[in-house]
Amino acid sequence: MIEEIHCAGCGVAIQTEDTKAPGYAPKSALDREMVICQRCFKLKHYNQIQDVSLSDDDFVKILDGIGQKDALVVKIVDIFDFNGSWLPGLHRFVGKNDVLLVGNKADLLPKSLNPNRLMNWMRQASKELGLRPVDVHLISAKKGHGVDELAEKIDYYRKGRDVYVVGCTNVGKSTLINQVIKRFGEEDEAVITVSHFPGTTLDLIDIPLDDNCNLYDTPGIINHHQMAHYVDAKDLKLITPKKEIKPQVFQIHPQQTLFFGGLARLDYMEGNKRSFVIYMSNELKVHRTKLEKADDLYANHNGELLSPPNEKTREMLPPLVRHEFSLRDNMKTDIVFSGLGWVAVHGKGGRVAAYAPKGVAVSLREALV
Ligand code: GDP
């Protein structure tokens, strides 16, 4: 019988076949006296964690497990896709535990956006979604902005308890944890470990906070309705802003349509001529046409002139669904396309129809800028 080898770091059974599955180590690693899996290897030598995603079943087990602990929950959302990256149902699981809500990717926001206004909006939006966080904090995990202050807040709100960091995939949770590890790593690299979450096959990264408590990084949860799941990696790169968004202003007449690549569409049905200000990736092409020509344009040119998607990936995209909205008289409104960004509309009244792939949310909110 072949003896099973276990990782000296986390104890998982070592396998050499599937690079994505737990316990993977390259064959060459088996010659070593102490074998560790690739995940622990990266953690130990590069202070890097690998992203793992989990099934809905494991997701429920994790949330349920957290609900039964006395802990602080740190929930990360992508402020550029607040609703898309929200974990619906989290509030039902966390029980009495406090939740600290962290908005990541603050570096993408236009300078004209007042951070306090955004945080107030996040509080309000959370309340409407059933969650009352103890505090709200903005960071840029990528740039390291606000991370030290976040560490202080975590220490303050945890009140001697463990901390669980949760978030859906792509919110930047790994980037944040790597920043945290960097800060701890300098003093005591060896103590960061990986452990199993009870009842699942999943590993958690444990970062010790003091003699008794740990910060646990839970695996990224897949939110199926995010735009990110309907485009390929190249298109995702294009629609995800990499730096501060530069708003684009269009003067729009009624009966005109804007296409955002072929991923979304906005018809201006009724109202006065007015400006539409677009807050989306600077690389996403906006195409203007007459409303009467819009259907034909989409039918004949989606994946070409209207891109992304491209000729291959347009097949992955669910059909566009139409959402009709009346605009309020005295409110500057944002029309939010989950995962893509938003369009701010000024002025009085009017009607619009916004289209996004089936399953991807479109919503209205009071303008942030
Ligand atoms: P995870 O799936 O939640 O672990 O997310 P990752 O840490 O892998 O990040 C997902 C994507 O978001 C990557 O392309 C990151 O470069 C990017 N990202 C993470 N944090 C930030 C941030 O603070 N600002 C910006 N602009 N991008 C970020």
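We count ligands from 1, going down the list as the structure has it; atoms in each ligand are counted the same way.
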Worksheet item: Relative to atom 1 (P) of ligand 1, which among I139, T240, N170 owns the nearest non-hydrogen atom?
Response: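 Checking each option, the heavy atom nearest atom 1 (P) of ligand 1 is found in N170.
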Discussion item. For atom 25 (C) of ligand 1, which of the options I76, N104, V147, D107 provides the nearest non-hydrogen atom?
Written reply: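 It is D107 whose heavy atom sits nearest to atom 25 (C) of ligand 1.
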Do any nitrogen or oxygen atoms of [X] come within less than 3.5 Å of a nitrogen or oxygen of ligand 1?
X    : value
G172 : yes
K143 : no
P241 : no

Practice prompt. Identify, by atom number and element, the atoms of ligand 1 in contact range of C168, meaning under 4.0 Å from any of its heavy atoms.
Written response: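 Those of ligand 1 that fall under 4.0 Å from C168 are 3 (O).
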Discussion item. Quick check on contacts: which atoms of ligand 1 are under 4.0 angstrom from a heavy atom of T169?
Written reply: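 Per the distance check, 2 (O).
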Applying a 4.0 Å heavy-atom criterion (strictly less than), which segment of [X] is in contact with ligand 1: side chain, backbone, both, or neither?
X    : answer
A106 : neither
V171 : both
L176 : neither

Discussion item. If the threshold is 4.0 Å, N to carboxylate O, is there a salt bridge linking D217 and K173?
Written reply: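 Here D217 pairs with K173 in a salt bridge, since their nearest N and O are under 4.0 Å apart.
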Fill in: Ion pair R158/D210, N-O distance below 4.0 Å
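Between D210 and R158 there is a salt bridge, with a charged N closer than 4.0 Å to a carboxylate O.
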Can you give me every donor-acceptor pair (side chain of residues 331-343, partner residue at least two apart or in another chain, under 3.5 Å) with its distance?
{"residue": "K332", "atom": "NZ", "partner": "V369", "partner atom": "O", "Å": "2.8"}
{"residue": "T333", "atom": "OG1", "partner": "M331", "partner atom": "O", "Å": "3.2"}
{"residue": "D334", "atom": "OD2", "partner": "R365", "partner atom": "NE", "Å": "3.0"}
{"residue": "D334", "atom": "OD2", "partner": "R365", "partner atom": "NH2", "Å": "3.4"}
{"residue": "D334", "atom": "OD2", "partner": "L368", "partner atom": "N", "Å": "2.9"}
{"residue": "S338", "atom": "OG", "partner": "D81", "partner atom": "OD1", "Å": "2.7"}
{"residue": "S338", "atom": "OG", "partner": "G84", "partner atom": "N", "Å": "3.4"}

Item to complete: Any pair with a residue in residues 293-313 that passes salt bridge (Lys or Arg N to Asp or Glu O under 4.0 Å), sequence neighbours left out, goes on the list, sorted by first then second residue, please.
Response: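 Counting only pairs at least two positions apart or across chains, the salt bridge (Lys or Arg N to Asp or Glu O under 4.0 Å) contacts touching residues 293-313 are R265-D295, E304-R314.
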Discussion item. With side chain to side chain contact (heavy atoms under 4.5 Å, CB included) as the criterion, how do K105 and K142 come out once you've worked through the C-alpha distance, each side chain's angles and the decisive distance to 0.1 Å?
Written reply: CA-CA 7 Å; K105 310 198 185 177; K142 195 159 148 188; over 6 Å; no
Practice prompt. Compute the centroid of each ring, for F250 and then for F276, and state whether the two points are separated by less than 6.0 Å.
Written response: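 For F250 and F276, the ring centres are not under 6.0 Å apart.
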Practice prompt. Apply side chain to side chain contact (heavy atoms under 4.5 Å, CB included) to L118 and L109, showing your working.
Written response: CA-CA 10 Å; L118 176 65; L109 297 173; 3.4 Å; yes
